[in-house]
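Contents: one structure, followed by commentary.
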Amino acid sequence: MEGKSEKGMIEAKGLSKYYGPFVAIRDISFSIPEGQIVAFLGPNGAGKTTTMKILTGYLAPSEGHAFVAGLDVASNRLEVAKKLGYLPENGPLYQDMTPLELLRFFAEARGLDPDQTRERIDRITRQTSLQDVMEKPIDKLSRGYRQRVGLAQALLHDPEVLIMDEPTMGLDPNQIRDFRNNIRALGKSKTILLSTHILQEVEAVADRVLLVHNGALVFDGTPEELKEDGSLEKPFYRLTNEGRPVSITATEVTAQ
Ligand code: ADP
């Protein structure tokens, strides 16, 4: 990546997570340098959310370490929170609040003073076009608005690192286009990891793809390097179907 530093801004070192005997992720390692936009790609259940929750400090790994801007997230939660914006899978937390209340709450938690709070909330409200809904409860808003509230919360303190879990899920095509344009603009100054199971998303925004299947990293490279015969569909199918039945017959379905 020309002109971009090689310092790892998001790093996973040997991350594993077990739920009893079940292995949700195993031995995941990668390092994302400053300024990269990385798609964390994989089918449902592959381990994307688990990994992202560990990277953001919401979940403790069974093994390994996660670092943001060089800080171990397990032992530097407050410092990491200042440098990190996180959009969780189901949009913002605390959905009974209004966007204004939520943003004030997060501004306080991030240690912004009243002037900074006012200035940042004004700016982010305009950037995410939330002016009309600032005083309505989040759980009464449409999916697209809720997602924008989540993005506003993640961006409020102008973090260096953004981690987003399925950010375009539930958005309509116009909202998806606007969102992807936003991501590309944000990628000029931030390091971004976003999870998705949508191949077009990878082509539209990512410099690099991390592909996970059954809790393990099975590909790390550029979208171009992943492509076979000009398409991402074929390698995605091949790399994520090992160990699964290729087709289910009518008999097998009835037998279940
Ligand atoms: P993805 O985000 O790629 O869809 P997840 O990280 O949500 O995948 O899940 C990975 C696997 O771990 C799935 O099989 C899921 O059912 C399992 N899993 C996630 N959370 C728990 C939990 N709290 N207890 C047991 N299994 C879990």
Side-chain angles (χ1 to χ4, degrees), residues 10-32 37-68 73-74 77 80 84-93 95 143 146-147 150-151 153-154 161-171 176 179-180 183 191-206 208-221 223 226 232-233 235-246 248 256:
I10 307 173
E11 291 182 280
K13 290 194 179 163
L15 294 180
S16 297
K17 181 73 187 175
Y18 312 122
Y19 291 109
F22 180 77
V23 183
I25 60 167
R26 64 193 133 96
D27 200 19
I28 290 196
S29 294
F30 54 79
S31 174
I32 302 178
I37 303 179
V38 178
F40 202 30
L41 176 70
N44 291 324
K48 304 182 294 295
T49 297
T50 303
T51 308
M52 291 186 135
K53 282 186 178 165
I54 294 173
L55 289 171
T56 52
Y58 280 80
L59 195 64
S62 306
E63 282 163 20
H65 292 272
F67 299 85
V68 165
V73 299
R77 289 216 46 181
V80 166
L84 175 73
Y86 174 40
L87 177 67
E89 192 178 16
N90 297 311
L93 305 167
Q95 304 233 348
R143 171 86 199 172
R146 280 207 305 276
Q147 202 69 339
L151 192 62
Q153 173 210 303
V161 174
L162 260 182
I163 295 184
M164 293 181 280
D165 200 350
E166 304 266 359
T168 55
M169 198 161 59
L171 301 187
I176 289 178
F179 184 83
R180 288 178 182 163
I183 293 300
T191 307
I192 301 177
L193 177 65
L194 62 95
S195 74
T196 184
H197 57 274
I198 304 164
L199 297 173
Q200 294 94 307
E201 194 119 302
V202 176
E203 297 224 63
V205 301
R208 176 176 167 195
V209 192
L210 298 170
L211 176 58
V212 276
H213 167 52
N214 279 349
L217 201 56
V218 294
F219 177 86
D220 177 358
L226 179 59
L232 291 173
E233 240 169 75
F236 181 86
Y237 185 82
R238 186 172 57 74
L239 290 164
T240 60
N241 275 279
E242 280 154 22
R244 292 175 54 184
V246 172
I248 296 171
Q256 280 170 1

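Each ligand, and each atom within it, is numbered from 1 in the order the structure gives.
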Any idea which protein heavy atom is nearest atom 18 (N) of ligand 1, and the distance to it? Tyr19 CE1, 3.7 Å
Any N or O of Lys48 that comes nearer than 3.5 Å to an N or O of ligand 1? yes
As an exercise, identify every atom of ligand 1 less than 4.0 angstrom from a heavy atom of Asn44. 4 (O)
Looking only at protein heavy atoms, identify the closest one to atom 13 (C) of ligand 1 and say how far it is in Å. Gly45 O, 3.7 Å
Any side-chain heavy atom of Phe179 sitting closer than 4.5 Å to one from Leu151? yes
Please tell me if the side chains of Val38 and Ile192 come closer than 4.5 Å, counting only heavy atoms from C-beta onward. no
Quick check: do Leu226 and Leu239 have side-chain heavy atoms less than 4.5 Å from each other? yes
Judging by distance only, is a nitrogen or oxygen of Ala46 under 3.5 angstrom from one on ligand 1? yes
Quick check: does Ala24 get an N/O under 3.5 Å from an N/O on ligand 1? no
Pair Asp220 + Arg208: basic N to acidic O under 4.0 Å: yes
Pairwise side-chain contact, Glu11 with Ile32, heavy-atom cut-off 4.5 Å (strictly under): no
Considering only protein heavy atoms, determine whether one is less than 4.0 Å from atom 11 (C) of ligand 1. yes
Could you list the donor-acceptor pairs under 3.5 angstrom formed between side-chain atoms of residues 54-67 and any protein atom two or more places apart in sequence or on another chain?
from, atom 1, to, atom 2, distance (Å)
Thr56, OG1, Met52, O, 2.9
Thr56, OG1, Lys53, O, 3.2
Ser62, OG, Tyr18, N, 2.9
Glu63, OE1, Tyr18, OH, 3.3
Glu63, OE2, Tyr18, OH, 3.1
His65, ND1, Asp72, OD2, 3.0

Measure the shortest side-chain to side-chain distance between Thr196 and Val202 over non-hydrogen atoms and say whether it is less than 4.5 angstrom. yes
Is Leu15 close to Asp27 at the side-chain level, that is, under 4.5 Å between some pair of heavy atoms? no
Using distance alone, determine whether Glu89 and ligand 1 share an N or O pair under 3.5 Å. no
Looking only at protein heavy atoms, which one is nearest to atom 17 (C) of ligand 1, and how far off is it? Phe22 CE2, 3.6 Å
Does Gly47 come within less than 4.0 angstrom of ligand 1, counting non-hydrogen atoms of the residue? yes
Looking only at non-hydrogen atoms, the one of Thr49, Thr50, Val23 nearest atom 2 (O) of ligand 1 is Thr49
Below 4.0 Å, non-hydrogen atoms only: which portion of Pro43 touches ligand 1? Side chain, backbone, both or neither. backbone
